[in-house]
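Notes follow once the structure below has been shown.
The structure presented is a predicted model; accordingly, all values stated were derived computationally and were not measured. A, B, ... follow the sequence lines: proteins, then strands. Residue 1 opens every chain.
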Protein chains: 2
Amino acid sequence: MEYTIQKLSRLAGVSTRTLRYYDEIGILKPARMNSSGYRIYGQAEVDMLQQILFYKELGVSLDQIKQILSDPNFNSLNALREHHQQLLDKRKQLDFLIANVQKTIDAKEGRMTMSDREKFEGFKKKMIEDNEKKYGEEIREKYGEDTVKKSYEKFKNMTEEEYEEVTRLGQAVNDTLSEAIKTGDPGSRLAQKAAELHKQWLTFYWPEYSKEAHAGLGQMYVDDERFKAYYDQVHPNAAEFLRDAILIYTGLKK
Amino acid sequence: MEYTIQKLSRLAGVSTRTLRYYDEIGILKPARMNSSGYRIYGQAEVDMLQQILFYKELGVSLDQIKQILSDPNFNSLNALREHHQQLLDKRKQLDFLIANVQKTIDAKEGRMTMSDREKFEGFKKKMIEDNEKKYGEEIREKYGEDTVKKSYEKFKNMTEEEYEEVTRLGQAVNDTLSEAIKTGDPGSRLAQKAAELHKQWLTFYWPEYSKEAHAGLGQMYVDDERFKAYYDQVHPNAAEFLRDAILIYTGLKK
DNA sequence: GTACACCTTGACGCAACGTCAATGTCAAAT
DNA sequence: ATTTGACATTGACGTTGCGTCAAGGTGTAC
């Protein structure tokens, strides 16, 4: 079956402007243009638009959607499975929000008290999920799904005080690292302090600490451009320096 | 407890830029500025921000949120109750999406077939909800919650053919109305045809037809600027003319 | 005093369209 | 053949809600 632009826009619940825009940016091209210059969409485009709308529902930018869909390895069945999982996650977030509003009502009606932090439960999940989306894949591959889940649970239950503590620790790592680099020696007292502080920071996120995982993370900071860029903001070559300091601290230096 | 801008942004999971923007547009002013010119937020602002985030989660524009929150009659407990309801509705939509993706997977794996229209189930709900949001309150007040629910269910189950039929009918109403106005007589054959077509159009949306409801809707078209503006696009004074035609058609003309 | 985290204002840019203008195409009615 | 109205095109401006950056002030610990 074929659709002109208005037909498809009504079918899918998007505007014709949206479809023209998608053609323009190359995310959803019509099957063909007829002799009058009208866009004609076919079955493949229907399915493609469905995928686009799922990705959009899950907060993915059009630029990213374009990259994903144009990948020769794109597999629509796998994508659909992933959408399913993400939608279930999204539903969980919504459940948090629903619980939050119920709690807020109870608090307003005097049945309970509620901390300021609790008032934003469910919203904040967006930030955590964004972070997860950014790094989650790599961390999953390296440490497994279970570790990530536990880490997530631990982070979620963090109190406000703990949150501030971990923020301070993260900063202390950077501070000490910056100073330690001046010594030029990853084995120096300051460098070892940085590694120690880094470990303490990690204990807020990891259910269990292991020297191997710690050292692996240090290596990841060097191998992954995003982490490397973050630490190199502290000081050029900070990622390598921290990795080396961790290797010495953990006793795993080769 | 008081918060500087970064404290509140971290608490709520929004950026400092967002909070400054909210100050700028007057939607969330800080409690005070300290002697250094720093924004200081208090308990009232925390609660206000929570409300804002709920409204945002529910798709309300900042402009509208501002209007709602600055209304002297704004009642936060009632607002929270409404958020709760809306979040439950939103979860329903999400459930539709989840069902959709599951069905699409089944179809892809050859276990069932799926129409193009079904592929967009759940997304289209956005359009319906937008429509509901636009007119829903007024219709609810006039005809009660039950009627709206049934109407919603009926619309949801509309087939593609029915959808096209109702679209055609809506157009036919406008066409005939435009012609009938030329007669200047709401009792003329053409005007009565417009009212008849309007009734047929309504039967797609209303579970039950009544002359009183029909006449009431005609009056609503005149009283409500949004409806009036829509019909007056067809022809100046079309809203009044259609109302009069309906009154005659229903025999309820006084 | 210095360094660093945090704060301000101002301003430019962006994503994803919505809206509008001008004009071409199609199909049915006259 | 002409008219009318629905549908289509391209081009272009504008909007919402920030993200990002620059320049410079403030607070606190060393």
Is a side-chain donor-acceptor pair under 3.5 Å present for [Y] with [X]?
| X | Y | value |
| --- | --- | --- |
| A:Q86 | A:E82 | yes |
| A:E2 | A:Y41 | no |
| B:Q50 | A:N100 | yes |

If you look at every strand shown and take non-hydrogen atoms under 4.0 Å, does [X] touch a base, only sugar-phosphate, or nothing?
| X | value |
| --- | --- |
| A:R39 | sugar-phosphate |
| B:I25 | nothing |
| A:T16 | nothing |

Integer-rounded Å distance: [N] [atom2] and [X] [atom1]:
| X | N | atom1 | atom2 | result |
| --- | --- | --- | --- | --- |
| B:R20 | D:dG17 | CZ | C1' | 15 Å |
| A:I5 | D:dA6 | CD1 | P | 18 Å |
| A:Y3 | D:dA8 | OH | P | 14 Å |
| A:K7 | D:dC7 | NZ | P | 9 Å |
| B:I40 | D:dT26 | CD1 | P | 15 Å |
| A:L19 | D:dT10 | CG | C1' | 16 Å |
| A:R10 | D:dA6 | CZ | P | 11 Å |
| B:Y21 | C:dC14 | OH | C1' | 14 Å |

Taking the basic N atoms (NZ, or NE/NH1/NH2) and the acidic carboxylate oxygens, is any pair closer than 4.0 Å for A:E57 and A:K90? yes
With the threshold set at 4.0 Å, does a side-chain nitrogen-carboxylate oxygen contact exist between B:K119 and B:D116? yes
Which of these nucleotides, [options], is closest to any side-chain atom of [X]?
| X | options | answer |
| --- | --- | --- |
| B:Q6 | C:dC6, C:dT8, C:dC17 | C:dC6 |
| B:K56 | C:dC17, C:dC26, D:dC18 | D:dC18 |
| B:M33 | C:dC7, C:dT9, D:dC18 | C:dT9 |
| B:T18 | D:dC18, C:dC17, C:dT9 | D:dC18 |

Please tell me if [X] has a side-chain N or O lying less than 4.0 Å from either OP1 or OP2 of [N].
| X | N | value |
| --- | --- | --- |
| B:S15 | D:dG19 | yes |
| B:Y22 | D:dC18 | yes |
| B:S61 | D:dT16 | no |

Run the side-chain contact (heavy atoms from CB on, under 4.5 Å) test against A:Q51 and tell me which residues pass, sequence neighbours left out. A:Y55, A:L69, A:F74, A:S76, A:A79, A:L80, A:H83
For B:Y21, give me all partners under side-chain contact (heavy atoms from CB on, under 4.5 Å), at least two apart in sequence or on another chain. B:R17, B:E24, B:I25, B:L62
Measure the shortest side-chain to side-chain distance between B:L87 and A:V101 over non-hydrogen atoms and say whether it is less than 4.5 angstrom. yes
5'-most contact on DNA chain D (nearest-nucleotide basis), B:S35 vs B:D63, goes to B:D63
Give me, pair by pair, the N or O atoms of the protein and of nucleotides 21-25 of chain D that are less than 3.5 Å apart, along with how far apart they are.
| unit_1 | atom_1 | unit_2 | atom_2 | d |
| --- | --- | --- | --- | --- |
| D:dG25 | N2 | B:Y38 | OH | 2.7 |

